[in-house]
Amino acid sequence: MREFASDPPIEVRIGDALRETDETIAVAESCTGGLIGSLLTDISGSSDYFDRSLVTYSYDAKLTELGVTRESLDDQGAVSEPVAAEMAAGVRDGSGTDWGLATTGIAGPDGGTPEKPVGTVYIGLASRGEWGTGDSYTRVARFEFDGSRTQIKEQIARRALSLLHETVTADSDADDPGPEGDDQRRA
């Protein structure tokens, strides 16, 4: 399953970024069925930053394992922005990691609708800030991918890791005052 891999693969780059920032990740997967966790653990030493991956495929699993609300599931359905946000925050908070990453979507070949065609996914990303700072946040992005079921799953998994990588490195760069010190950032 390397059809959509870059060089070096995203699972290597995110591992390097999380080691550099000394941060940890937990994943809640629905449509990817454990693929993100598999990609992350393909890398030797991933135990430095990878905590767990929960495959919460059913409504009941999302409710009991992640604390996704019945209201979100009933009102929006499992493939929705609110559910992706709650999944990401739930796995972050339940595991005590710095980052929570979640996927919920339609891998196909069936199950799509005109509003949510096959290949639709919501990727949730939750960051843990220090208590009392108000720096914790959850973001969700919606994507649509084409291909077979396995191709869609791989594209979703790699895009989710890319989103995490972009955010971790952007947050890391924002915290780094650079060679000129903190005043340089405000100039």
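In Asp74, the CG atom is crowded: over 12 heavy atoms of neighbouring residues, nucleotides or ligands sit closer than 6.0 Å.
Residues meeting the salt bridge (charged side-chain N to carboxylate O under 4.0 Å, His left out) test with Glu144, sequence neighbours left out: Arg142. Scored by the side chain to side chain contact (heavy atoms under 4.5 Å, CB included) test, Ser53 finds Val27, Glu29, Phe50 as partners (sequence neighbours excluded). Residues meeting the side chain to side chain contact (heavy atoms under 4.5 Å, CB included) test with Leu66, sequence neighbours left out: Ala28, Leu54, Thr56, Val68, Met87, Val91. Residues that satisfy the salt bridge (charged side-chain N to carboxylate O under 4.0 Å, His left out) test with Arg128, not counting sequence neighbours, are Asp98. Residues that satisfy the side chain to side chain donor-acceptor pair (under 3.5 Å) test with Gln155, not counting sequence neighbours, are absent from this structure. Not a single salt bridge (charged side-chain N to carboxylate O under 4.0 Å, His left out) links Asp51 to another residue, sequence neighbours left out. Remark: Tyr59 pairs with Leu73, Ala78 by the side chain to side chain contact (heavy atoms under 4.5 Å, CB included) rule, at least two apart or across chains. Under the salt bridge (charged side-chain N to carboxylate O under 4.0 Å, His left out) criterion, Asp48 pairs with Arg19, not counting sequence neighbours. Under the rule for a side chain to side chain donor-acceptor pair (under 3.5 Å), Asp146 has no partner lying at least two apart in sequence or in another chain. Residues passing the side chain to side chain donor-acceptor pair (under 3.5 Å) test with Asp135, sequence neighbours excluded: Thr133. Evaluation of the side chain to side chain contact (heavy atoms under 4.5 Å, CB included) rule for Ser162 yields Ile10, Arg159, Glu166 as partners, not counting sequence neighbours. For Tyr49, the side chain to side chain donor-acceptor pair (under 3.5 Å) test picks out no residue, with sequence neighbours left out.
A 4.5 Å side-chain heavy-atom check between Ile25 and Thr97 finds every atom pair outside the cut-off. Contact of the Leu39 side chain with the Leu161 side chain is registered, since non-hydrogen atoms from C-beta on lie closer than 4.5 Å. For the pair Ser38/Asp42, a side-chain contact is recorded, criterion being any heavy-atom separation below 4.5 Å from C-beta on. Residues Thr167 and Tyr137 have side chains in contact (heavy-atom distance under 4.5 Å, counting atoms from C-beta outward).
In this structure, CD in Glu81 is found 10.5 Å from OG in Ser72, a value given to the nearest 0.5 Å. Atoms CZ and CZ, from Phe145 and Arg158 in turn, are 12.0 Å apart once rounded to the nearest 0.5 Å. To the nearest 0.5 Å, the span separating CG on Leu101 from CD1 on Ile123 amounts to 7.0 Å. The line from CG of Asp16 to OG1 of Thr169 is 11.5 Å long, rounded to the nearest 0.5 Å.
Remark: side-chain polar atoms of Lys116 are paired, donor with acceptor, to backbone N or O of Val79 under 3.5 angstrom. Judged by distance alone, the side chain of Gln151 and the main-chain N or O of Ser148 form a donor-acceptor pair under 3.5 Å. One N or O on the side chain of Arg149 and one on the backbone of Gly108 form a donor-acceptor pair closer than 3.5 Å. Checking side-chain atoms of Lys62 against main-chain N and O of Tyr57 turns up a donor-acceptor pair under 3.5 Å. With hydrogens and angles ignored, the 3.5 Å screen pairs no side-chain donor or acceptor of Thr120 with any backbone N or O of Ile106.
Phe143 and Leu35 fall within a single hydrophobic cluster, where Ile, Leu, Val, Met, Phe, Trp and Tyr are joined by side-chain heavy atoms under 4.5 Å apart, directly or via other members. When the side chains of ILVMFWY residues are joined at heavy-atom separations under 4.5 Å, either directly or via intervening members, Val83 and Tyr122 end up in two distinct hydrophobic clusters. Residue Ile36 is grouped with residue Val12 when hydrophobic side chains (ILVMFWY) are merged at heavy-atom distances under 4.5 angstrom, including chains of intermediate members.
In this structure, Ser127 and Arg92 approach most closely via the heavy-atom pair O-NH1, 2.9 Å. Listed here is the closest heavy atom pair of Ala141 and Leu163: CB-CD1, 4.0 Å. The shortest non-hydrogen separation linking Ile156 to Cys31 is CD1-SG, 3.9 Å. When all heavy atoms of Ser80 and Thr104 are compared, the pair lying nearest together is O-CG2, 4.1 Å. Of all the heavy atoms in Leu40 and Ser46, the pair that sits closest is O-CB, 3.2 Å. Of all the heavy atoms in Gly129 and Ser136, the pair that sits closest is N-OG, 2.8 Å.
Partner of Trp99 under the side-chain contact (heavy atoms from CB on, under 4.5 Å) criterion, out of Ile14, Leu164, Thr21: Leu164 alone.
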Evaluation steps, side-chain contact (heavy atoms from CB on, under 4.5 Å), between Asp110 and Val118: CA-CA 7 Å; Asp110 302 317; Val118 168; over 6 Å; no
